[in-house]
Chemist: 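Submitted below is the structure of interest, expressed as structure tokens.
Residue numbers start from 1 in every chain, and the chains themselves are labelled A, B, ... in the order their sequence lines are given, proteins ahead of strands.
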Amino acid sequence: MDCTRQEFMAIATGRELKDGELAIFGVGLSMLAGYFAKKNHAPNLRAFTEGGVFGSTPVGGLPWGIECTRLSANATSFTGALDALGFLVASGRCDVAIIGAAQIDKYGNVNTTGIWREPPWKAGRYAPPRVRLNGSGGANDIAVGAKRFIIMAAHDKKRFAERVDYISSPGYLSGGDARERAGFIGGGPSAIITTLGILRPHPVSKEFYLDAYFPFSSVEEIREHTGWDLKVSANVRVVPEPTEQELANLRAVDSTGSLRKK
Amino acid sequence: MDCTRQEFMAIATGRELKDGELAIFGVGLSMLAGYFAKKNHAPNLRAFTEGGVFGSTPVGGLPWGIECTRLSANATSFTGALDALGFLVASGRCDVAIIGAAQIDKYGNVNTTGIWREPPWKAGRYAPPRVRLNGSGGANDIAVGAKRFIIMAAHDKKRFAERVDYISSPGYLSGGDARERAGFIGGGPSAIITTLGILRPHPVSKEFYLDAYFPFSSVEEIREHTGWDLKVSANVRVVPEPTEQELANLRAVDSTGSLRKK
Amino acid sequence: MTNKLITLAQAVARYTWDGMTYAHGAAFPVGADSVVFGREMARQGRRGLNLISHCGSQQLNLLAALGAVRRVEVGFSGLEVYGFAKGLNRAVVSGQTIIEDYSNGAMALRFLGGALNWPFVPATVCLNNDQQWCSGDHPDEYPCARKIPEITDPFSGKKLGAFSVLRPQVAAIHVTMADMEGNAIMLGSEWSRFEMARAAGQVVLVAERIVDQGCMRQYPNLVRIISEVVEAIVYWPWAAWPQSVVGLYDSDEEHMLLMNDMLATAEGTAQYLERYVRAFQTRAEFQALIGPEKMDRLAATATAFLMDPYRRWILPDDQIAALEQEG
Amino acid sequence: MTNKLITLAQAVARYTWDGMTYAHGAAFPVGADSVVFGREMARQGRRGLNLISHCGSQQLNLLAALGAVRRVEVGFSGLEVYGFAKGLNRAVVSGQTIIEDYSNGAMALRFLGGALNWPFVPATVCLNNDQQWCSGDHPDEYPCARKIPEITDPFSGKKLGAFSVLRPQVAAIHVTMADMEGNAIMLGSEWSRFEMARAAGQVVLVAERIVDQGCMRQYPNLVRIISEVVEAIVYWPWAAWPQSVVGLYDSDEEHMLLMNDMLATAEGTAQYLERYVRAFQTRAEFQALIGPEKMDRLAATATAFLMDPYRRWILPDDQIAALEQEG
């Protein structure tokens with residue numbers, strides 16, 4: 001099938017969403033994955049973004065922002081951040097969410113804040129980063145509050161680290177019951193969908209293992225591109241190829257083809 | 001002048017408001033007094049009610065409620081209670097307010113909640129009241145937060161008590177610096193306007209004394225109708241009669257004549 | 001598009017039960033409350049209710065007069081220019097209904113806290129006075145330290161209070177217009193209906209008008225209650241009667257006074273139940289109780305022009321009735 | 001009716017100063033922010049600013065690139081599909097600008113707390129991770145216990161956090177439409193502009209359109225920013241350019257990228273200042289920088305129909321110019 005890795009990733013992500021769920025999407029690609037699901041198999045997905053844009057489907061391609069004009073042309077309601085991130089997400093009400101990650105560790109903790117020569121947890125000091133990223137945005141609210149969330153990330157060794165430099169949005173923290181002890185209301189990350197495959201958390205240790213790989217990838221390739229000693233499911237499987245209909249529906253949402261590039 | 005005591009009271013109350021102030025009005029008569037001021041001498045009074053009704057003037061007479069259709073016909077904005085009572089009043093932002101009282105004591109504490117055979121502070125117990133009133137509504141938020149507030153009440157001995165049965169909306173509590181110690185952001189009641197005259201708080205003791213009486217009343221009548229030993233200002237004065245213009249402006253607001261009754 | 005329209009009787013049967021925590025109320029004690037929903041609860045005989053009434057209204061007055069209210073949390077419990085709520089006050093004075101008093105601002109903040117799922121809300125009002133010291137739930141403790149306990153600001157060390165939050169099991173929320181999915185517009189003060197809709201476990205809308213969703217897509221900033229949090233919609237013109245609704249009808253002074261006077265006694269309340277609750281099942285029967293002449297007069301409200309931009313999207317009754325059949 | 005219209009230059013001269021705490025931002029990192037206000041602050045050479053940017057935008061990017069930002073509190077600091085904010089990031093990495101990170105939800109809550117004048121806001125997010133542990137103000141404390149200190153729920157005994165609240169001295173808030181008194185309508189997500197307008201000591205509106213007050217009286221529920229809290233109004237079409245405004249214009253992709261690239265270096269920033277800040281004083285000069293062809297293209301936004309109900313009240317430029325002279 002003529003489909004890019006990014007498109008494959010977006011379709012695999014969209015498949016995680018079920019009809020009728022209350023869902024919030026973060027910036028960029030995660031929004032395309034989410035609205036693809038609504039178009040494809042979850043017409044009653046109750047989808048919104050963190051600015052309180054409800055009932056809409058993007059027009060004209062990848063939205064410029066979480067609630068830009070491309071998302072605002074056919075909304076049923078506009079409220080605001082307090083409503084979307086506070087009342088619906090941090091409250092524990094939201095079923096599912098999709099966020100991105102610049103760096104991610106084996107417990108699903110996400111860094112979107114910065115890269116350090118010596119990260120704060122190692123230095124015992126919060127110095128300016130070597131590279132500043134974007135900050136958490138609404139992803140921290142989502143990671144704390146959503147019943148489950150899905151992380152999308154390009155799969156390479158630099159991104160998939162034993163320990164992230166900075167936890168912007170918590171996954172399972174140090175694993176095991178650490179998240180529970182922190183008292184977060186949401187359930188934590190249910191999957192990491194990458195450009196190569198799908199990782200899921202072990203039910204007890206909460207360490208992410210390889211659950212499935214894309215047809216064009218392999219267990220070996222994925223382990224090689226992961227910065228920790230990635231465990232592999234005994235039942236590791238191949239992710240089914242996108243169907244023609246899935247791809248058509250994705251491209252209808254991604255009408256400017258931002259996922260087809262590269 | 002052909003003017004009822006209630007009208008006199010409303011005009012005397014309205015005179016306490018200055019142009020340009022941010023002002024909130026409570027239920028019933030206090031709203032007429034407030035909107036009279038806006039019509040008469042304070043055109044830039046920024047007046048609102050506790051439901052977040054801004055920029056309006058009542059039409060058709062005494063509003064049925066704090067934000068009913070009579071108040072809503074010419075508003076510039078409708079928001080809600082959190083905005084009006086929280087953001088603008090409890091925050092300390094509001095300059096002045098007018099509230100009513102069913103019972104009031106010498107420190108300007110207001111009871112609008114109930115009348116007891118033996119009040120809670122005496123019984124050491126919160127039993128059902130002998131007479132249930134309305135509760136505080138927004139008056140507690142106002143009494144705590146407004147920079148100053150004015151209390152309107154019909155002047156009789158039962159209402160003007162040494163100590164109220166229940167403090168619904170705090171004045172100066174037990175007097176002196178008690179209010180300051182309670183940490184309330186607003187300054188407390190600046191005047192009690194009654195059907196007979198005007199009481200004001202002593203700057204130190206915060207006990208209300210008689211500052212002025214209406215032309216048809218007298219110091220003796222007022223002392224007789226007050227449930228505590230009311231002190232009288234050395235400079236006690238007569239409140240000037242309403243002018244014809246004041247009365248015309250009041251009656252333009254009170255177009256159904258609710259203040260002309262009795 | 002999901003169709004959430006159901007009948008009033010279905011909505012009360014499905015979303016209310018004895019002993020539940022039920023929220024209602026709107027912009028003002030004589031305003032846009034879901035009064036007809038309370039009538040139907042009365043008709044179906046709900047008992048032992050825990051009400052969150054923000055503010056009080058004839059709905060609270062009626063249910064309390066019937067002895068159906070075990071406990072009510074409220075800011076303003078009266079009927080403003082129509083006086084004290086005589087049915088409620090009878091229940092409170094007799095000790096049948098426990099009343100827990102807060103300020104109106106506090107009630108708004110407690111809904112906010114419920115919507116945010118906070119464990120408590122910082123309190124700077126209702127402190128150092130009897131709303132803090134008197135608790136209907138703990139009448140033997142005076143001053144009560146449990147109702148609005150003291151907390152410390154971790155930044156300044158200063159003391160303030162903490163309110164418990166409100167998370168009603170169900171809220172019946174009056175709205176001016178809704179589409180069949182549950183996106184809704186309120187004209188006039190929204191009071192705390194925005195926060196209430198997010199704090200409640202389940203939301204039932206009581207809508208004066210049903211509109212095509214095109215209305216919401218033209219005015220999305222007006223849609224303050226979102227279908228995402230709405231379970232069901234009841235279509236019921238005059239739902240707030242005898243109270244008023246901005247844009248649609250004024251307060252019915254005559255019936256406000258009559259109703260309050262009847263609820264002042266047990267006998268009057270029984271009569272009211274016969275005449276104004278059991279006497280209708282359909283919208284047409286309900287409107288016959290009000291009477292066409294009075295409806296015309298009340299509908300001639302000075303606020304009517306506020307409805308003008310939306311009239312073209314209003315669905316006709318027969319279409320709505322068909323949708324109700326489906327729902 | 002009070003006329004609060006003044007010129008952009010007057011507004012910046014009157015309501016901004018070196019070292020102030022200044023808030024801006026709107027619905028999204030590439031959205032309806034008061035960007036032109038930041039350009040004018042740059043032109044007038046403001047320094048040592050403490051920004052509250054919710055969210056980040058090209059305004060933050062520009063001021064930080066110029067070295068004018070001492071400290072910024074922010075949730076999302078980037079430019080979304082246009083990448084990282086290169087001017088800001090340069091200032092952060094060099095240590096020139098202290099950045100204090102929160103989540104977007106936390107920023108909204110902190111404005112809410114500021115609007116309510118609470119001493120703190122309960123925190124259930126930004127806990128047990130580096131937003132709590134890392135403080136730009138206290139870099140030597142790791143984990144920092146002062147930024148989001150722990151508090152205890154007095155009802156359950158459970159632990160949670162406390163946010164400090166936001167009370168900016170001045171906020172420049174972008175709105176779609178305002179009347180000359182300062183009643184304003186925002187189309188699209190209001191983000192946190194409602195709360196920001198109440199949390200700020202003084203509010204200056206930057207309005208794309210000035211409308212007759214009749215518009216507000218027809219749509220009072222849309223008026224979420226009230227004249228009661230507004231000090232001054234600046235009329236400035238294309239105020240958010242190169243970002244977008246719902247109902248009016250799309251994001252200018254070309255200039256978004258150009259601007260961000262230029263701000264990536266000190267030299268580029270100096271050039272940007274010459275070409276896109278010092279190069280205009282009037283609205284006409286500003287629009288000439290964008291260019292008529294591009295303006296036409298961007299104004300052909302799919303959201304344009306959202307403006308239709310309000311067009312009849314829009315005041316013409318000459319009338320507004322006369323009002324500005326008075327103001």
Chemist: Please check if any side-chain donor atom of B:W64 sits under 3.5 Å from a side-chain acceptor atom of C:E253, or the reverse.
Modeler: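 Yes.
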Chemist: Within this structure, what is the OG-CG distance for the pair B:S72 and C:L187, rounded to the nearest 0.5 Å?
Modeler: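 Result: 10.0 Å between the selected atoms.
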Chemist: Of all the heavy-atom pairs spanning C:Q131 and B:S168, show the shortest one and how long it is.
Modeler: NE2-O, 2.7 Å
Chemist: Taking NZ in C:K294 as the centre, count heavy atoms belonging to other residues, nucleotides or ligands within less than 6.0 Å. Is the count above 12?
Modeler: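 Atom NZ in C:K294 is crowded, with more than 12 foreign heavy atoms closer than 6.0 Å.
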Chemist: Closest approach of B:R132 and C:N89, non-hydrogen atoms and distance?
Modeler: O-ND2, 2.7 Å
Chemist: Considering only heavy atoms and a distance below 4.5 Å, find which of B:S258, B:G65, B:A84 pairs most often with chain C.
Modeler: B:G65
Chemist: Top residue by heavy-atom pair count (under 4.5 Å) with chain B, among C:T303, C:L79, C:T301?
Modeler: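 Going by pairs under 4.5 Å, I would pick C:T303.
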Chemist: Using a heavy-atom cutoff of under 4.5 Å, enumerate the residues of residues 103-115 of chain C that contact chain B, numbered in order, or state 'none'.
Modeler: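 C:S103, C:N104, C:G105, C:A106, C:A108, C:L109, C:L112, listed by number.
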Chemist: Heavy-atom pairs under 4.5 Å with chain B: which of C:L160, C:I99, C:I98, C:L306 has the most?
Modeler: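 Option with the greatest count: C:I99.
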Chemist: Checking C:E195 against chain B: side chain, backbone, both or neither under 4.5 Å from a heavy atom?
Modeler: side chain
Chemist: What residue, out of C:S135, C:A304, C:A32, C:P143, has the most heavy-atom pairs lying under 4.5 Å from chain B?
Modeler: C:S135
Chemist: When rounded to the nearest 0.5 angstrom, what is the spacing between CD in C:Q243 and SG in B:C68?
Modeler: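 It comes to 11.5 Å.
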Chemist: For C:D250 and B:T69, which I'm curious about, is there any donor-acceptor pair between the side chains at under 3.5 Å?
Modeler: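 Yes - a donor-acceptor pair under 3.5 Å links their side chains.
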Chemist: Determine the minimum heavy-atom distance between C:S77 and B:G135, stating which atoms define it.
Modeler: OG-N, 4.2 Å
Chemist: Considering only heavy atoms, which portion of C:V246 lies under 4.5 Å from any heavy atom of chain B: side chain, backbone, both, or neither?
Modeler: both
Chemist: For B:L133, is it the side chain, the backbone, both, or neither that has a heavy atom closer than 4.5 Å to a heavy atom of chain C?
Modeler: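 Contact with chain C: backbone and side chain both.
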Chemist: Strictly by modelled atom types, are C:W133 and B:Y166 linked by a side-chain donor-acceptor pair under 3.5 Å?
Modeler: no
Chemist: Considering only heavy atoms, which portion of B:I167 lies under 4.5 Å from any heavy atom of chain C: side chain, backbone, both, or neither?
Modeler: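 Both parts, backbone and side chain.
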Chemist: Could you name the residues of residues 121-130 of chain C that have a heavy atom within less than 4.5 Å of a heavy atom in chain B?
Modeler: C:T124, C:V125, C:C126, C:L127, C:N128, C:N129, C:D130
Chemist: Please table the atom pairs, donor to acceptor, closer than 3.5 Å between any side-chain atom in residues 94-101 of chain B and protein atoms at least two apart or in another chain.
Modeler:
{"from": "B:D95", "atom 1": "OD1", "to": "B:K147", "atom 2": "NZ", "distance (Å)": "3.3"}
{"from": "B:D95", "atom 1": "OD2", "to": "B:L22", "atom 2": "N", "distance (Å)": "2.7"}

Chemist: Given a strict heavy-atom distance threshold of 4.5 Å, which part of C:L88 is in contact with chain B: side chain, backbone, both, or neither?
Modeler: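 Answer is neither: C:L88 stays 4.5 Å or more from chain B.
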Chemist: Heavy-atom pairs under 4.5 Å with chain C: which of B:P170, B:A81, B:A143, B:G80 has the most?
Modeler: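 Sorted descending by pairs with chain C, the first entry is B:A81.
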Chemist: Does any heavy atom of chain B fall under 4.5 Å from the side chain of C:C134, the backbone, both, or neither of them?
Modeler: both
Chemist: If I measure from the heavy atoms of chain B, does C:T97 come under 4.5 Å with its side chain, its backbone, both, or neither?
Modeler: neither
Chemist: Sort B:L71 into side chain, backbone, both or neither according to what part of it lies under 4.5 angstrom from a heavy atom of chain C.
Modeler: neither
Chemist: Check each atom of C:F305 against the heavy atoms of chain B and say whether the ones under 4.5 Å are side chain, backbone, both or neither.
Modeler: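 The side chain, not the backbone.
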Chemist: Below 4.5 Å from any heavy atom of chain B, which atoms of C:S251 appear? Answer side chain, backbone, both or neither.
Modeler: both
Chemist: Check whether any side-chain N or O of B:N134 sits under 3.5 Å from a backbone N or O of C:F76 as a donor-acceptor pair, and report yes or no.
Modeler: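 Side chain of B:N134 to backbone of C:F76, a donor-acceptor pair under 3.5 Å: no, none is there.
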Chemist: Counting heavy-atom pairs closer than 4.5 Å to chain B, which one of C:C144, C:G188, C:G31, C:A302 comes out on top?
Modeler: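 If we count pairs closer than 4.5 Å to chain B, C:G188 comes out on top.
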Chemist: Counting only heavy atoms closer than 4.5 Å, note whether B:T79 contacts chain C via side chain, backbone, both or neither.
Modeler: backbone
Chemist: Are there residues of residues 111-131 of chain B that reach to under 4.5 Å of chain C by heavy atoms, and which ones?
Modeler: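 Counting heavy atoms that sit under 4.5 Å from chain C, the residues of residues 111-131 of chain B involved are B:T113, B:P120, B:W121, B:G124, B:R125, B:Y126, B:P128, B:P129, B:R130, B:V131.
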